[in-house]
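Have a look at the structure below, then the notes.
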Amino acid sequence: MTNILLILVGVCAGGLAGAFGVGGGIIIVPALVAWFGFSQKMATGTSLALMLPPIGIAAVMEYYRSKNINVLAAGLIIIGFVLGSYLSAKIAVMLPEIWLKRGFGLLLIVMGIKNLLIK
């Protein structure tokens with residue numbers, strides 16, 4: 001049953017990733033923490049590990065075929081993303097679990113409010 005639930009979490013996250021460019025942090029991390037007892041750090045690491053192949057291949061190919069990718073912008077962002085994710089991961093694994101949970105919750109609230117207020 002756990003395997004089926006994990007697959008369903010992946011289906012929900014994949015659907016949101018393909019439609020809106022979100023999924024890992026918003027769906028997978030909270031699900032792994034709340035439903036499967038993962039620590040915040042384990043959930044974050046697992047989410048990052050699983051996003052590489054499916055999002056990197058399936059969704060990108062479709063957006064590229066429909067000419068909806070700015071390759072130069074993506075390449076430049078990748079450079080910053082690799083650096084930023086590496087440095088923040090080095091810091092995050094040293095922080096207390098509660099700081100990560102509260103920071104993550106605050107990020108979701110701020111982004112949710114921002115998106116609700118967009119005209």
Side-chain angles (χ1 to χ4, degrees):
M1 183 63 152
T2 299
N3 291 344
I4 292 171
L5 291 174
L6 287 168
I7 291 170
L8 289 175
V9 169
V11 168
C12 291
L16 290 172
F20 303 114
V22 300
I26 294 173
I27 300 299
I28 294 169
V29 171
L32 292 177
V33 170
W35 299 338
F36 300 99
F38 282 39
S39 70
Q40 185 74 25
K41 292 175 185 177
M42 182 65 71
T44 300
T46 302
S47 175
L48 289 170
L50 71 90
M51 285 190 289
L52 284 174
I55 295 171
I57 295 169
V60 169
M61 285 174 41
E62 186 57 36
Y63 279 95
Y64 183 79
R65 275 190 215 120
S66 64
K67 297 181 181 5
N68 285 306
I69 294 181
N70 181 318
V71 177
L72 176 60
L76 293 172
I77 293 168
I78 287 169
I79 292 168
F81 192 89
V82 168
L83 180 62
S85 63
Y86 173 75
L87 294 174
S88 65
K90 298 253 329 156
I91 294 167
V93 297
M94 295 185 288
L95 292 175
E97 185 82 8
I98 192 70
W99 288 15
L100 293 174
K101 285 185 178 187
R102 289 185 177 154
F104 182 71
L106 182 62
L107 174 66
L108 291 177
I109 290 168
V110 168
M111 294 307 295
I113 290 169
K114 179 183 177 302
N115 284 328
L116 285 172
L117 298 176
I118 292 175
K119 296 183 186 202

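Worth knowing before you read on, the calculation uses all heavy atoms, side chains too, and leaves out hydrogens, waters and symmetry mates. Computed from a predicted model, the values in this text were never measured in an experiment.
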Report whether Ile27 and Trp35 are members of the same hydrophobic cluster (ILVMFWY, side-chain heavy atoms less than 4.5 Å apart, transitive linking).
yes
Would you give the length of the straight line joining atom CG of Leu6 to atom CG of Leu8, rounded to the nearest 0.5 angstrom?
9.0 Å
Within the side chain of Ser47, is there an N or O that forms a donor-acceptor pair under 3.5 Å with the backbone of Ala43?
no
Taking a hydrophobic cluster as the set of Ile, Leu, Val, Met, Phe, Trp and Tyr residues connected by side-chain heavy atoms closer than 4.5 Å, whether directly or through intermediates, do Leu76 and Ile69 fall within one such cluster?
no
Side-chain donor-acceptor pairs under 3.5 Å in residues 95-110, sequence neighbours left out?
residue	atom	partner	partner atom	Å
Glu97	OE2	Gln40	N	2.2

Does the side-chain contact (heavy atoms from CB on, under 4.5 Å) test come out yes or no for Leu32 and Val9, once each step is laid out?
CA-CA 9 Å; Leu32 292 177; Val9 169; 5.7 Å; no
Would you mind reporting whether Val29 and Thr46 have side-chain heavy atoms less than 4.5 Å apart?
no
Stepwise side-chain contact (heavy atoms from CB on, under 4.5 Å) check, Leu5 with Phe36
CA-CA 9 Å; Leu5 291 174; Phe36 300 99; 3.7 Å; yes
Compare every heavy atom of Lys90 with every heavy atom of Met94, then report the nearest pair and how far apart it is.
CE-O, 3.1 Å
Would you say the side chain of Val71 lies within less than 4.5 Å of the side chain of Tyr64, judging by non-hydrogen atoms?
yes
If a pair satisfies salt bridge (charged side-chain N to carboxylate O under 4.0 Å, His left out) and one of its residues is in residues 32-48, list it, with sequence neighbours excluded.
none
